[in-house]
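Data block below; observations after.
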Amino acid sequence: MPLAHLTNGGHMAFQALTIAGSDSGGGAGIQADLKTFSALGVYGASVLTAVTAQNTRAVTGVEMISPAMIRAQMAAVFDDLAIGAVKVGMLGDPETINAVANGLANCRAPVVLDPVMVAKSGDALLSPEAVATLCDRMLPLAHLLTPNLPEAARLLDTQEATDEAAMLEQGRALLSAGPGAVLMKGGHGTGETCVDLLITTAETLRLSAPRQHTTNTHGTGCTLSAAIAAGLARGQTLPHAVQAAHTYLQRAIAVADTLNIGSGHGPVHHFHAIWHDE
C-alpha cells in the first residue's frame with residue numbers, strides 16, 4: 001500500500017498533485033485535473049504555473065506565475081501533504097520549467113508529464129525556446145511522458161507520425177531521451193479507430209477505441225494524464241493506471257455532448273459516473 005495511504009496506523013485519502021495552468025473556462029488545465037482526481041477518488045492539490053483567460057473558443061490572455069511563487073507553492077505542498085503522484089501540464093517558458101524541475105528534484109512520487117504546447121483552440125501554450133529546456137530538464141524526471149502526435153513531432157523536431165509504426169518509432173526515440181515510459185496518443189490521427197501506444201523498455205501496450213465524432217474534446221490530454229496520475233496515487237501499476245484512465249476518458253468523451261458547455265470545443269464529462277439526470 002502506498003505511503004500516501006497510511007499515517008499513524010490510520011486511513012488517509014489518496015493524494016495527487018497537479019502542476020499546471022488555470023483554465024478560466026474550466027475544461028482543461030488545473031480545473032480538469034482536480035475534477036478528474038475527485039471523480040476517481042483522489043484528493044487533489046495544485047501548483048499554478050500560469051493563469052489563462054480562455055473559454056471553449058479561444059485563449060485571450062496568458063499570465064505566467066513567477067518562478068519564486070511556483071517554488072513556494074511546491075515547497076508548501078510537499079512539506080505537508082503525502083503526495084502519491086504528480087501530474088505536470090502547462091509550463092509555458094524556460095523559467096517555469098526550471099523552477100518546476102528544481103522543485104521535483106527530490107520528489108519520490110511518480111511524475112506524469114503532459115507536454116502541453118497548444119490549446120484545443122489552436123493557441124500556443126509553450127514558447128518555442130522552451131522546448132529544448134523541457135527536453136533537457138523535465139523528460140528525465142518523468143515516470144511517464146504523454147505526448148499527442150503533434151507534441152511528439154515537435155519534441156523530436158520531425159514530421160507527425162501517420163501510422164502505428166511511426167508512432168512506435170517516435171515513442172522509442174522519446175523513451176531514449178530519459179522518461180521511464182512514453183504514451184503516444186493517437187487522437188490527432190485519422191481513421192475510425194483511435195490508437196494509443198504505451199511504450200516501455202520491456203513492452204508495448206496497444207490501446208484502441210472507436211473514434212468518437214464530437215467537438216467536445218477540450219481538456220482530453222489533461223484529463224487522461226490526470227487520470228493516470230490518480231491511478232498511480234492509488235497504487236496501481238503503470239499499465240493498469242493507463243488502461244483504467246483510457247477507459248475513463250473514452251466514457252467522458254462519449255457523453256460530453258450532454259453537458260452543452262460553451263459554443264466552441266466544449267469539455268469532456270469528468271463526472272459522467274456520478275452526475276445523473278433527475
Side-chain angles (χ1 to χ4, degrees), residues 2-5 7 12-40 42-54 59 61-117 119 125-127 129-130 133-134 136-146 179 219 221-230 232-234 270:
L3 176 64
H5 201 55
T7 178
M12 179 188 289
F14 296 108
Q15 299 165 51
L17 169 65
T18 169
I19 303 174
S22 169
D23 171 6
S24 56
I30 288 280
Q31 287 82 354
D33 295 343
L34 293 177
K35 290 172 184 177
T36 301
F37 291 164
S38 295
L40 297 176
V42 173
Y43 178 88
S46 62
V47 168
L48 266 69
T49 59
V51 176
T52 70
Q54 65 174 295
V59 178
V62 176
E63 187 168 310
M64 301 303 298
I65 304 297
S66 72
M69 188 59 187
I70 292 171
R71 290 192 295 268
Q73 291 178 83
M74 294 181 70
V77 171
F78 285 126
D79 183 57
D80 186 42
L81 277 66
I83 298 299
V86 179
K87 176 265 169 80
V88 179
M90 178 185 174
L91 295 177
D93 57 33
E95 294 76 18
T96 299
I97 294 169
N98 283 321
V100 171
N102 291 340
L104 291 174
N106 297 316
C107 176
R108 292 186 298 167
V111 175
V112 179
L113 174 60
D114 184 20
V116 177
M117 297 182 181
L125 297 176
L126 184 72
S127 66
E129 63 271 20
T133 308
L134 185 74
D136 292 341
R137 296 300 314 278
M138 290 301 302
L139 265 60
L141 298 176
H143 185 67
L144 175 68
L145 176 70
T146 64
C222 303
T223 298
L224 180 64
S225 56
I228 295 170
L232 294 174
R234 294 181 67 88
H270 296 96

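Owing to the predicted nature of the structure, the values given are computational and were not obtained by experimental measurement.
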Practice task
Could you tell me whether the side chain of Lys35 and the main chain of Gly26 form a donor-acceptor pair under 3.5 Å?
Solution key: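 Yes; at least one donor-acceptor contact below 3.5 Å.
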Practice task
Using modelled atom types only, decide if a donor and an acceptor are shared between the side chain of Ser225 and the backbone of Gly221 within a distance under 3.5 Å.
Solution key: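 Checked: pair present.
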Shortest non-hydrogen contact between [X] and [Y], atoms and distance:
{"X": "Ala226", "Y": "Phe37", "result": "O-CE2, 3.3 Å"}
{"X": "Ala82", "Y": "Met12", "result": "CB-SD, 4.0 Å"}
{"X": "Ala99", "Y": "Met74", "result": "O-SD, 4.2 Å"}
{"X": "Ala233", "Y": "Ala16", "result": "CB-CB, 4.2 Å"}

Any heavy-atom pair between the side chains of [Y] and [X] that's under 4.5 Å?
{"X": "Leu134", "Y": "Leu91", "result": "yes"}
{"X": "Val116", "Y": "Val88", "result": "no"}
{"X": "Pro110", "Y": "Val86", "result": "no"}

Handout entry: Pairwise salt bridge (charged side-chain N to carboxylate O under 4.0 Å, His left out) hits with a residue in residues 89-100, at least two apart
Key =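 Checked against salt bridge (charged side-chain N to carboxylate O under 4.0 Å, His left out) - neighbours excluded - no pair reaches residues 89-100.
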Problem - salt bridge (charged side-chain N to carboxylate O under 4.0 Å, His left out) contacts in which one or both residues fall within residues 64-86, not counting sequence neighbours - result: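 The answer is none; no pair qualifies.
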Problem - Val100/Ile70 under side-chain contact (heavy atoms from CB on, under 4.5 Å): CA gap, chis, key distance, verdict - result: CA-CA 7 Å; Val100 171; Ile70 292 171; 3.9 Å; yes
Exercise for the section: Report the residues that fulfil side-chain contact (heavy atoms from CB on, under 4.5 Å) with Ala227, sequence neighbours left out, ordered by chain and then residue number. Expected result: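 For Ala227 the side-chain contact (heavy atoms from CB on, under 4.5 Å) partners, ignoring immediate neighbours, are Thr36, Leu40, Ala245, Tyr248.
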Handout entry: side-chain contact (heavy atoms from CB on, under 4.5 Å) against Ala32, all qualifying residues, sequence neighbours excluded
Key =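 Residues passing side-chain contact (heavy atoms from CB on, under 4.5 Å) with Ala32: Cys222, Thr223, His270.
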Handout entry: Lys87 vs Leu17, side-chain contact (heavy atoms from CB on, under 4.5 Å): CA-CA, chis, key distance, verdict
Key = CA-CA 6 Å; Lys87 176 265 169 80; Leu17 169 65; over 6 Å; no
About how many Å separate [atom2] of [Y] and [atom1] of [X], when rounded to the nearest 0.5 Å?
{"X": "Ile83", "Y": "Gln15", "atom1": "CD1", "atom2": "CD", "result": "5.5 Å"}
{"X": "Ser66", "Y": "Gln73", "atom1": "OG", "atom2": "CD", "result": "8.5 Å"}
{"X": "Leu104", "Y": "Leu141", "atom1": "CG", "atom2": "CG", "result": "6.0 Å"}

Donor-acceptor list for residues 44-52 side chains, cut-off 3.5 Å, not counting sequence neighbours:
from: Thr49; atom 1: OG1; to: Ala20; atom 2: O; distance (Å): 3.2
from: Thr49; atom 1: OG1; to: Gly21; atom 2: N; distance (Å): 3.4
from: Thr49; atom 1: OG1; to: Met90; atom 2: O; distance (Å): 2.6
from: Thr52; atom 1: OG1; to: Ser22; atom 2: O; distance (Å): 2.6
from: Thr52; atom 1: OG1; to: Gln54; atom 2: NE2; distance (Å): 2.7

Practice task
Let me know which of Leu113, Leu232, Val112, Asp114 forms a side-chain contact (heavy atoms from CB on, under 4.5 Å) with Leu144.
Solution key: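 For Leu144, the side-chain contact (heavy atoms from CB on, under 4.5 Å) test succeeds with only one of Leu113, Leu232, Val112, Asp114, which is Val112.
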Problem - side-chain hydrogen bond (donor to acceptor under 3.5 Å, both in side chains) partners for Asp136, two or more places apart - result: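 So Asp136 forms no side-chain hydrogen bond (donor to acceptor under 3.5 Å, both in side chains) with any residue.
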Exercise for the section: Step through the shown structure and confirm whether more than 12 heavy atoms of other residues, nucleotides or ligands are within 6.0 Å of OH on Tyr43. Expected result: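 Open: at most 12 neighbouring heavy atoms sit under 6.0 Å from OH of Tyr43.
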Handout entry: Stepwise side-chain contact (heavy atoms from CB on, under 4.5 Å) check, Met138 with Thr133
Key = CA-CA 8 Å; Met138 290 301 302; Thr133 308; over 6 Å; no
